[in-house]
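Take a look at the structure below.
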2 protein chains.
Amino acid sequence: MINLNIRHLYYFIILVESGSFSKAAAHIGIGQSTLSGAIQGLEATIGGPLLDRTGRELVLLPLGEAVLRRARDIMAQIGELPDLAARSARPLSSRLRLGLIPSIAPFLLPRMLKSLKRAFPELDLYVREGMTHTLLSEVRTGRLDVALIADINGAEDFDIAEIGRDPLLLVVPTDHPLAGRNAAGPEDIEGEQLLLLDKGHCLRQHVLTAVGADHVTEAAAVSAFTIPTLMHMVEAHIGITLIPEVAVRAGAASQSDVRTVRFDSPHAWRTLGLASRPRAARSADFDALAEHLRAEGLIGIGPQ
Amino acid sequence: MINLNIRHLYYFIILVESGSFSKAAAHIGIGQSTLSGAIQGLEATIGGPLLDRTGRELVLLPLGEAVLRRARDIMAQIGELPDLAARSARPLSSRLRLGLIPSIAPFLLPRMLKSLKRAFPELDLYVREGMTHTLLSEVRTGRLDVALIADINGAEDFDIAEIGRDPLLLVVPTDHPLAGRNAAGPEDIEGEQLLLLDKGHCLRQHVLTAVGADHVTEAAAVSAFTIPTLMHMVEAHIGITLIPEVAVRAGAASQSDVRTVRFDSPHAWRTLGLASRPRAARSADFDALAEHLRAEGLIGIGPQ
DNA sequence: GGGACCCTATCGGAAAAGCCGATCAGAGCA
DNA sequence: TGCTCTGATCGGCTTTTCCGATAGGGTCCC
C-alpha cells in the first residue's frame, strides 16, 4: 500500500519553486531536515529520484518534472474539496432524489420543477414516480432522499414534514343531478357506481374512506390506472369518482363534460407530507424543501 | 495546511464500494475503529460529512459523491507515479537537453536526430547550439544535461565521455597548387591567407594550433561566422582554411570550386566528447548517448 | 415488544510517523 | 587551501495512526 501524504507532495512543489531545500523549508515553516526526509520518502514511494542535488542548483529530473505536474494537479483537486463542502452546506444545492406518488407527480411536477429551479438554481433534482410503499422502501434503503406522499399515517418510521391538506372533490358528468350543486356528501352518492384507482394507490383507500367504506362495496367499484382515465370514464357515464384538488388545479377535470363538486365529509381530504429517514444527515435540505412547498402553495391548502 | 493522507482517500473509496465500515476494514486489512477514525478525519479536513450512517445501509451524501469522484481521480494519478518512475529508469527514455557547438550542430543534427529517433523512440531530445563556454556554463547550472564539444581539455570540471577524433582538412580553391595533392602540411601553406571562424569558436584555436600558431599571425587572418561562409571565401580566392571532417562529410565542401586535402600535422584533429556534470544522477543516460554516437560512427573516426 | 444480531463510535494504550536541532560531508568559490 | 553554502544524517521528542475492547443504536425476527 502506497503511504503518501498529500502534504509531502506540497513540500515537493514548494521545493521546486524555491530551488533549494533550506529556502523551501523556511517558506513552508518546517525544518530543513524534515524536508530532506520528506522528499526522500517521496522518492522511495514513487520509486525513483526526482531531483539531482549534486550541483550548486537543484536540477529537476525528467521523472521529477512528470511528478511535479501530477502533484500540482492533485493539489488543485485537493484544494477544491473544501469548496465542495462549502457548496454542499448551502440548502438544496446538490443532488436530491425525490419520489412522488402517481396521484401527485403528473399534476405537481411541471409547476414544482419551475419553482424549485428559480428558488434553488444549484439543486440537481432527480425525480421518481412510485406508489407509497415502494417510495418508502427506497427512502429507507437510501436510494431516495425524500418521498412526497399522501398517507402519512402509514409512515411512522419516517420523519414526516407536513406540507398541507389536499381536499378530495367529487367528479360527476355535466348532466348528473349533482353537477349543479355547491357541495355534496356521502349520502348523495349512495348507489352510484364509484370509480377508483387500482389497488396499491393510496388515493383508492382515501376515496373509500371519504365516501364511507360502508356505502360502496368494493366489488361494485371499477378500477383505472390513472386519474385522466377516471375522468374519461366519468365523461362516458360509467360512474363517478373523487379526485384530489391538486389534480383539478392542474386541469385534470377541465373537459366540458364533467363537473367537480365540493365533497363534505370528515375524511374528504388527504394530508401531504415529505417522508425522509429519521436522523438523516440532510434533514436541513428536506426541511428547506418542505418549507418551500408550503410557502409556494403549489400543493395543499395549508396545514390541516 | 491540509493534513491528508492518500491512504485515507483510498480507505474512503473502499468503504463506499464495500457499503459497510466493517467489511471495508476487513478488506483493507485494518481495524474497524481505525477506518471509522480515518473517515472522521477525512470529513474534518474536507469540512463536511461524506456519508449518512444512520440507516441500515450507508448512504453517500452529495458531498461524498463529489469527493469520491475526485478521490478516484487522485488515486489513479498516484498509481501512475511508479509507472513514470519505471519508464524513467529506461535509458534515454525521457527529455534530454543537448548542447552542440556551431562547428558540429548543423552538420551532425540531421543524421543524429534520425538515428536517435530510431534507437530511442521515447527520447525527447531538446537541442541548443552555442559556443563551448556557453554550453558548459549551462551544463553546470543544469539548464542543459550534456554538451557535445570539441575542446575536452578545457572542461576538467566535467565528466567527459569521448566520442572520437574529428580530423581537420585543408580547403583550397580548385586551381590552387595544393588542390591536386594527397596531403599537405603546415609548411605548405606558409604565407597563405588563413581564414578562421570568429573568436569564441573553439575551431578557431584548433586550426591555429594545427597550422602552428607561429606560421600565421592572427592579424593576417580573416574571420567568418560560419563554415559555409568560409567555404565561399575560399571559392572567392580570399584565402584557405581548415574545416572539420564532420562538416566535409555533411557536404560543406562539395561545391565544384574547392578541394579538400588531408592535412598532416600532430594537431590536425580535435577530440569530440560529451560533457556532463560530474556525479549527475542521469549519467547512465549520458553514457548511453555517448555509446550510441560512437557505435553509429556519425561523427569522429574512432577514439584517439 | 423483547431479544439477537449487526453496525458504527469511542476509549486507552502501543506502534509508527513526522518533526526538530545539531552535526557531518561535499561542492563551489575566492 | 580555506570559507561558505547546501543537503544528508542522527538522536530525541511530539503527534498521528492504529488496534482491541467496549458501548450505544438500529434492524429484524420471533
Side-chain angles (χ1 to χ4, degrees), chain A residues 1-12 14-16 18-45 49-60 64 136-137 139-142 156-159 277-281, chain B residues 1-12 15-16 18-45 49-59 136-137 139-142 156-159 276-281:
Chain A
M1 168 51 40
I2 288 184
N3 190 356
L4 193 144
N5 200 312
I6 291 286
R7 203 169 347 118
H8 294 176
L9 279 184
Y10 172 71
Y11 290 175
F12 176 58
I14 299 296
L15 170 61
V16 174
S18 305
S20 129
F21 276 71
S22 359
K23 286 200 201 81
H27 186 272
I28 298 170
I30 60 174
Q32 174 264 316
S33 61
T34 300
L35 180 59
S36 180
I39 299 300
Q40 286 179 61
L42 207 56
E43 290 176 323
T45 63
L50 303 174
L51 299 152
D52 187 342
R53 311 145 160 92
T54 57
R56 183 162 193 74
E57 303 181 29
L58 285 182
V59 177
L60 208 52
L136 289 182
S137 155
V139 167
R140 180 187 304 279
T141 59
E156 286 80 9
D157 293 344
F158 296 82
D159 266 2
R277 295 188 313 117
R279 290 165 305 281
Chain B
M1 168 53 39
I2 287 184
N3 189 356
L4 190 135
N5 199 313
I6 291 287
R7 201 166 354 114
H8 293 178
L9 280 184
Y10 172 71
Y11 289 175
F12 176 58
L15 170 61
V16 174
S18 304
S20 130
F21 277 71
S22 356
K23 285 202 201 81
H27 185 272
I28 298 170
I30 60 174
Q32 173 266 316
S33 62
T34 300
L35 180 58
S36 179
I39 298 300
Q40 285 179 60
L42 207 56
E43 289 176 324
T45 62
L50 304 174
L51 299 152
D52 186 342
R53 309 148 162 89
T54 56
R56 181 164 194 72
E57 302 179 32
L58 284 181
V59 177
L136 289 182
S137 154
V139 167
R140 181 188 303 278
T141 58
E156 286 81 9
D157 293 344
F158 296 83
D159 266 3
S276 57
R277 297 188 313 119
R279 291 165 304 282

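These numbers come from the heavy atoms of this one structure, side chains and all, not from hydrogens, waters or symmetry mates. A, B, ... follow the sequence lines: proteins, then strands. Residue 1 opens every chain. Worth saying up front: this structure is predicted, and the values here are computed from it rather than measured.
The shortest distance between the side-chain N/O atoms of Ser20(B) and the OP1/OP2 oxygens of dT8(C) is below 4.0 Å. Between Gln32(A) and dA22(C) there is no side-chain polar atom (N or O) within less than 4.0 angstrom of OP1 or OP2. For Thr34(A) and dC20(C), the shortest distance from a side-chain N or O to OP1 or OP2 is below 4.0 Å.
Within 4.0 Å (heavy atoms only), Ser22(A) reaches sugar-phosphate atoms of the nucleic acid but no base atom. At a threshold of 4.0 angstrom between heavy atoms, the contacts of Gly29(A) are confined to the sugar-phosphate backbone, with no base atom among them. Residue contacts shown for Leu35(A) are absent, as no nucleic acid heavy atom lies under 4.0 Å away.
With dG18(C), dC18(D), dA9(C) as the candidates, the nucleotide lying closest to the side chain of His8(B) is dC18(D). Out of dG7(D), dC7(C), dT10(C), the shortest distance to the side chain of Lys23(B) is found at dC7(C).
We find that CZ of Arg53(B) is positioned 12 Å from C1' of dC7(C), with the value rounded to whole Å. Look at CG on Leu51(B): it is 9 Å from P on dA9(C), rounded to the nearest Å. The separation between Phe21(B) atom CZ and dC5(C) atom P is 24 Å, rounded to whole Å. Rounding to whole angstrom units, CG of residue Leu58(B) and P of dG25(D) are separated by 19 Å. Note: CZ (Phe158(B)) to C1' (dA27(C)) measures 13 Å, nearest angstrom. To the nearest angstrom, C1' of dG18(C) lies 14 Å from CD1 of Ile28(A).
Not one N or O on the side chain of Gln32(B) forms a donor-acceptor pair closer than 3.5 Å with the backbone of Ser22(B).
Between the side chain of Ser33(B) and the base of dG20(D) there is at least one donor-acceptor pair of N/O atoms closer than 3.5 Å.
With DNA chain D read from its 5' end, the first of the two nearest nucleotides for Arg140(A) and Ala38(B) is the one closest to Ala38(B).
A salt bridge does not link Glu57(A) to Lys23(A): none of the charged nitrogens lies less than 4.0 Å from a carboxylate oxygen.
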